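Everything below concerns the one structure shown next.
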Amino acid sequence: MKIGYPCINRSIGCSSGRTFRLSSYSDERLEETVRENLRCLEEILRYNLKESILFFRIGSGLVPFASHPVCTAPWEETFAEPFREIGRFAHEHGMRVSMHPDQFVVINAKDPGIVEKSVAELRYHAAVLDAMHLDGSAKVQIHVGGVYGDKKASMERFASVYSRLDEGILRRLVVENDDSRYTLADCLRIHEETGIPVLFDVFHHQLNPSGIAVAGAVEQSGATWRPGDGIPMTDYSTPMPGGRRGRHAESLDAADFEQFLAETAPTDIDIMLEIKDKEKSALAAVGIVRRDGRFLLPAER
DNA sequence: CCGTGTCAAGTCTGC
DNA sequence: GCAGACTTGACACGG
């Protein structure tokens, strides 16, 4: 079991997602920004290792505008060395990374232009992980997409586009249940059609349930992961007390987290904590898992 | 220099 | 029909 947090570290005073406005794009500006972002990504991973946080979601802004037509800079070549070095560091220390393109990626869109842009964005995400020379356990997670008033047809469109993706994307892509449209049951059905592994999000599952208990949900989604995909990943969070629907909690709810560990104990999973205070909650979670005693963190094996 | 409006992209809800 | 949520930070403009 590895514990992780997404995209941002609030303790070390740098961001791997520095960006700039499209209107101020230049190849020089891009290179300058990516150089800084990679430097910070390495710093974050070093911090994480020190704290036994062995899972991290790399923010999509690592290479700003990478899938936009304006970006013609050969960033993969320019930064081949730092990418490889970061990947080597992660691999050497048994650390796992993932990515999560945001809501603009909709591969089941009706508009072919949107599908095309979405696929370009997936290609970028896969290229980052490829540049780090990581194996198939470094995942890119997306949602199913839009419903457009006909879920069945929209799920079929997902399967159809999926089947035409190239291998470089297919080996990394996993699909996650969302908080209002596609449930875990929908994702499992799509898995049956396509073979895509299902990433279970506990919080979304609460908001958008499909009659499966949490333990079964972890088990069933875990069974969709192929050899080479690594340990099944799970997104964990709890609602912000008194917050609007869908808001993530400010800090880890230790009691809830312990219960989640107990419920899912038979299945080994890597847990991504989608909690606002980021590495702070990850530190707390690592402490809980350690005390729990039933799991060993890979670094301590 | 600082406060704040705005930022590549999509879908869906609600006024 | 259009603004706002989703989730969030931070760029970059204007005062």
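Naming: A, B, ... by sequence-line order, numbering from 1 per chain. Owing to the predicted nature of the structure, the values given are computational and were not obtained by experimental measurement.
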Q: Tell me whether the guanidinium CZ or amine NZ of A:K117 lies under 6.0 angstrom from the six-membered ring centre of A:F104 and within 45° of its axis.
A: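 Pair A:K117/A:F104 does not count as cation-pi.
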Q.
For the residue pair A:R35 and A:F79, would you count it as a cation-pi contact if the rule is NZ or CZ under 6.0 angstrom from the ring centre and within 45 degrees of the ring axis?
A.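 The answer is no, since A:R35 fails at least one limit relative to A:F79.
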May I have the distance from [X] (atom [atom1]) to [N] (atom [atom2]), rounded to whole angstrom?
{"X": "A:D277", "N": "C:dG9", "atom1": "CG", "atom2": "P", "answer": "12 Å"}
{"X": "A:R29", "N": "B:dC7", "atom1": "CZ", "atom2": "C1'", "answer": "13 Å"}
{"X": "A:N108", "N": "B:dT11", "atom1": "CG", "atom2": "P", "answer": "8 Å"}
{"X": "A:E32", "N": "C:dC11", "atom1": "CD", "atom2": "C1'", "answer": "13 Å"}
{"X": "A:Y182", "N": "B:dT11", "atom1": "OH", "atom2": "C1'", "answer": "11 Å"}
{"X": "A:Y25", "N": "C:dC11", "atom1": "OH", "atom2": "C1'", "answer": "17 Å"}
{"X": "A:L273", "N": "C:dT7", "atom1": "CG", "atom2": "C1'", "answer": "17 Å"}
{"X": "A:E116", "N": "B:dA9", "atom1": "CD", "atom2": "P", "answer": "16 Å"}

Heavy atoms under 4.0 Å, any strand shown: does [X] hit a base, just sugar-phosphate, or nothing?
{"X": "A:V105", "result": "nothing"}
{"X": "A:S180", "result": "nothing"}
{"X": "A:Y148", "result": "sugar-phosphate"}

Between [N] and [M], how far apart are the two [atom1] atoms, rounded to whole Å?
{"N": "B:dT11", "M": "C:dC11", "atom1": "C1'", "result": "26 Å"}
{"N": "C:dA10", "M": "B:dG10", "atom1": "P", "result": "24 Å"}
{"N": "B:dC2", "M": "C:dT7", "atom1": "C1'", "result": "25 Å"}
{"N": "C:dG4", "M": "B:dG5", "atom1": "P", "result": "12 Å"}

Taking the basic N atoms (NZ, or NE/NH1/NH2) and the acidic carboxylate oxygens, is any pair closer than 4.0 Å for [X] and [Y]?
{"X": "A:R171", "Y": "A:D130", "answer": "yes"}
{"X": "A:D229", "Y": "A:R226", "answer": "yes"}
{"X": "A:E192", "Y": "A:R189", "answer": "no"}
{"X": "A:D277", "Y": "A:R10", "answer": "no"}
{"X": "A:E36", "Y": "A:R39", "answer": "yes"}

Q. Regarding A:H125 and A:S60, is there a side-chain donor-to-acceptor distance under 3.5 Å anywhere?
A.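 On atom types as modelled, these side chains qualify, holding a pair under 3.5 Å.
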[options]: which one has an atom nearest the side-chain heavy atoms of [X]?
{"X": "A:V106", "options": "B:dA8, B:dC12, B:dG10", "result": "B:dG10"}
{"X": "A:S24", "options": "B:dA9, B:dT11, C:dA12", "result": "C:dA12"}
{"X": "A:D102", "options": "B:dA9, B:dA8, C:dC11", "result": "B:dA9"}
{"X": "A:A109", "options": "B:dT11, C:dC11, B:dA9", "result": "B:dT11"}
{"X": "A:H68", "options": "B:dA9, B:dC12, B:dA8", "result": "B:dA8"}

Both distances below 3.5 Å, Watson-Crick or wobble geometry, any strand: find the nucleotide opposite [N].
{"N": "B:dG3", "answer": "C:dC13"}
{"N": "B:dA8", "answer": "none"}
{"N": "C:dT7", "answer": "none"}

**Q.** Contact nearer the 5' end of DNA chain C, comparing A:I275 with A:R21
**A.**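 Counting from the 5' end, the first nearest nucleotide belongs to A:I275.
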(Q) Can you tell me if A:F104 is stacked onto the base of B:dA9, using a 5.5 Å centroid cut-off and an angle below 30°? (A)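 Yes, A:F104 stacks on the base of B:dA9, since the ring centres sit under 5.5 Å apart and the planes are within 30°.
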Q.
Does a side-chain N or O of A:R18 approach OP1 or OP2 of C:dG9 to a distance below 4.0 Å, or not?
A.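 False: A:R18 side-chain N/O out of range (4.0 Å or more) of C:dG9 OP1/OP2.
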Considering only nitrogen or oxygen atoms on both sides, find all protein atoms under 3.5 Å from nucleotides 3-6 of chain C and state each distance.
from  : atom 1 : to     : atom 2 : distance (Å)
C:dC6 : OP1    : A:R244 : NE     : 3.4
C:dC6 : OP1    : A:R245 : O      : 3.4
C:dC6 : OP2    : A:R244 : NE     : 3.3
C:dC6 : OP2    : A:R244 : NH2    : 2.7

Q) Quick one: are the ring centres of A:Y5 and A:F56 less than 6.0 Å apart? A)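 Yes - the distance between ring centres of A:Y5 and A:F56 falls below the 6.0 Å cut-off.
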